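Inspection log for the structure reproduced underneath, given as structure tokens.
Numbers restart at 1 for each chain; the letters A, B, ... are given by sequence-line order, proteins then strands. In this text the structure is predicted, and so the values were computed from the model without any measurement.
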Protein chains: 2
Amino acid sequence: MIEAADKKRELILDKALLRFAHFGINKTTMNDIAEDLAISKPSLYYYFPDKISLVIAVAERIFNEFFTRLEHIILKSATVQEALNETIELRKIFFKKYFMLHIGDTPSDMNLNHEGIKALMQQTREKENVLIKDLFETGIKRGELKANESKQIAELYMDSIIGLGMCVMGKQEKQLMPESKGFEEVLTKQKALTEIFLNGLKN
Amino acid sequence: MIEAADKKRELILDKALLRFAHFGINKTTMNDIAEDLAISKPSLYYYFPDKISLVIAVAERIFNEFFTRLEHIILKSATVQEALNETIELRKIFFKKYFMLHIGDTPSDMNLNHEGIKALMQQTREKENVLIKDLFETGIKRGELKANESKQIAELYMDSIIGLGMCVMGKQEKQLMPESKGFEEVLTKQKALTEIFLNGLKN
DNA sequence: GTTTGACTTTTTTAATTAAATAGTCAAAAG
DNA sequence: CTTTTGACTATTTAATTAAAAAAGTCAAAC
């Protein structure tokens with residue numbers, strides 16, 4: 001019955017994701033999730049050995065969805081700039097949607113200090129960097145831009161875009177849920193930086 | 001005896017700055033400072049009505065020194081790129097030197113939530129943005145680069161540079177005093193971004 | 001105008017306890 | 001043999017309080 005077990009694991013992840021996204025990881029107890037599913041706590045622990053495994057599985061699912069959409073964007077886009085602009089919008093959507101998980105920022109809500117989470121985060125960032133590096137290389141082949149050391153350039157670009165977001169969001173008054181205005185300002189500035197950055201790689 | 005009082009205020013600021021820079025603001029008590037100066041606590045309070053006034057006065061002194069040097073850099077530099085590169089180095093020096101004051105980042109050590117500090121920080125950031133804006137405009141006049149909306153461009157540049165620093169430093173393991181390696185990586189990346197950014201403003 | 005000893009008030013820290021939550025296990029059900 | 005659960009234990013977190021430290025005051029003196 002390995003199929004049924006997998007199916008149930010998915011069901012658990014569905015519910016856990018809803019709770020995590022709405023209340024945050026720390027405000028969601030294993031009991032909450034078990035009750036949502038109308039099962040007992042030991043049943044839940046039968047499928048996930050501990051809470052952190054569940055959290056990681058949920059995070060992996062989110063990142064998988066992200067990368068699926070990111071790869072699609074890169075494939076369908078005609079130019080590097082178009083791809084990066086859509087990537088910026090995708091990032092905004094995900095950041096907003098899963099803000100309560102506080103993934104990717106300073107451990108304000110949860111103990112992201114856990115090894116497994118940190119490893120996943122780093123691995124995810126590296127994977128995204130590789131995709132952006134490939135995108136830059138495609139742009140170079142197409143003659144849209146010029147650069148050697150595309151790996152460093154891609155990393156610099158990603159650090160700049162992410163940092164720009166941190167900087168702009170940081171100016172806002174700290175709230176439980178940041179204002180929508182803030183997200184829009186980040187988006188606008190990230191796109192503006194992207195345009196100048198790409199222009200800087202044209203000669 | 002208004003002169004002597006000012007002189008004494010300066011003496012107090014000297015000692016306070018040393019303590020703040022070495023132990024941080026929260027680990028420095030008004031008693032510590034009074035003892036350093038071999039005066040009583042009420043004497044200290046005679047010159048500064050409360051601790052936050054003292055902190056703000058110290059911060060203002062630091063920023064004044066920073067702006068003096070920044071203005072000098074801008075005046076003597078032949079090109080925008082040269083000026084920005086030296087500005088980046090200046091920022092590194094100050095950030096490293098006064099790291100323990102935790103000025104400009106998330107209130108990890110001190111209660112920077114205080115209104116006066118926040119106002120000073122914002123005012124300082126705005127002043128720096130104006131200087132950079134003027135620098136860009138000089139560059140435009142000289143024909144080094146092209147851009148309309150120099151104010152927005154300057155703000156975007158500053159946010160990007162500062163954010164890049166936050167992003168790169170954030171990857172490091174959190175320590176009391178971050179590694180020197182981290183500062184160097186920030187410096188290198190900020191200079192690289194500056195080069196591409198300016199290049200992106202050339203056409 | 002400046003300084004201070006002795007004081008009060010406020011804020012931090014440490015210690016204690018109570019409560020909540022994570023996690024286990026042996027037994028039972030399918 | 002896989003899955004489920006009631007009843008349990010072990011950890012972590014949150015609330016409470018007491019003690020200590022630090023901020024800030026004041027009347028008196030120099």
Open item on the list: Measure NE2/A:H114 against P/D:dT12 and give the value in whole Å, please.
Closed with: 12 Å
Open item on the list: From C-beta outward on A:I39, which listed nucleotide comes closest to its side chain: C:dT4, D:dA23, D:dT5?
Closed with: D:dT5
Open item on the list: Measure CG/A:L11 against P/D:dT3 and give the value in whole Å, please.
Closed with: 14 Å
- [ ] Just compare C:dA22, C:dT4, D:dG24 and give me whichever is closest to any side-chain atom of B:S40.
- [x] C:dT4
Open item on the list: Would the base of D:dA23 count as contacting B:K41 through its side chain, where contact means a donor and an acceptor less than 3.5 Å apart?
Closed with: yes
Open item on the list: Is it the case that the ring center of B:Y98 lies less than 6.0 angstrom away from the ring center of B:F20?
Closed with: no
- [ ] Have a look at B:Y47 and say if it touches a base, only the backbone sugar-phosphate, or nothing, with a 4.0 Å heavy-atom cut-off.
- [x] sugar-phosphate
Open item on the list: Nearest whole Å is fine: how far is C:dC7 C1' from B:N31 CG?
Closed with: 14 Å
Task: Which nucleotide in D:dT5, C:dA22, C:dT4 has an atom nearest any side-chain atom of A:Y45 - done: C:dA22
Task: Donor-acceptor under 3.5 Å (B:E86 side chain, B:I73 main chain) - done: no
Open item on the list: Quick check on A:K171: does its NZ atom have over 12 non-hydrogen neighbours (other residues, nucleotides or ligands) under 6.0 Å away?
Closed with: yes
Task: Aromatic ring proximity A:F99/A:F95, centre distance under 6.0 Å - done: yes
Task: Minimum-distance nucleotide to B:K8 side chain [options: C:dT3, C:dA22, C:dT13] - done: C:dT3
Open item on the list: Quick check on D:dT3: is either OP1 or OP2 less than 4.0 Å from any side-chain nitrogen or oxygen of A:S43?
Closed with: no
Task: Whole angstrom value for the distance that separates P of C:dG30 from OH of A:Y46 - done: 16 Å
Task: Whole-Å gap separating C1' (D:dA22) and CD1 (B:I33) - done: 12 Å
Task: Main-chain N/O of B:G24 paired with B:T28 side-chain donor or acceptor, under 3.5 Å - done: yes
TODO: Specify the separation, in whole Å, of atom NZ of A:K27 and atom P of D:dT13.
DONE: 12 Å
Open item on the list: What contact category does A:T29 fall into here, base, sugar-phosphate, or nothing, at under 4.0 angstrom with non-hydrogen atoms?
Closed with: sugar-phosphate
Task: Nucleotide nearest B:K51 (side chain, heavy atoms from C-beta), chosen from D:dA23, C:dT4, C:dT13 - done: D:dA23
- [ ] Measure from CD on A:E35 to P on C:dA22 and round the result to the nearest Å.
- [x] 12 Å
- [ ] Return the value, rounded to whole Å, for the distance between atom CZ of B:R9 and atom C1' of C:dT3.
- [x] 17 Å
- [ ] Would you mind classifying the nucleic acid contact of A:T28 as base, sugar-phosphate or nothing, using non-hydrogen atoms under 4.0 angstrom?
- [x] sugar-phosphate
Task: Proximal nucleotide (of C:dA22, D:dG24, C:dT3) relative to the B:D50 side chain - done: D:dG24
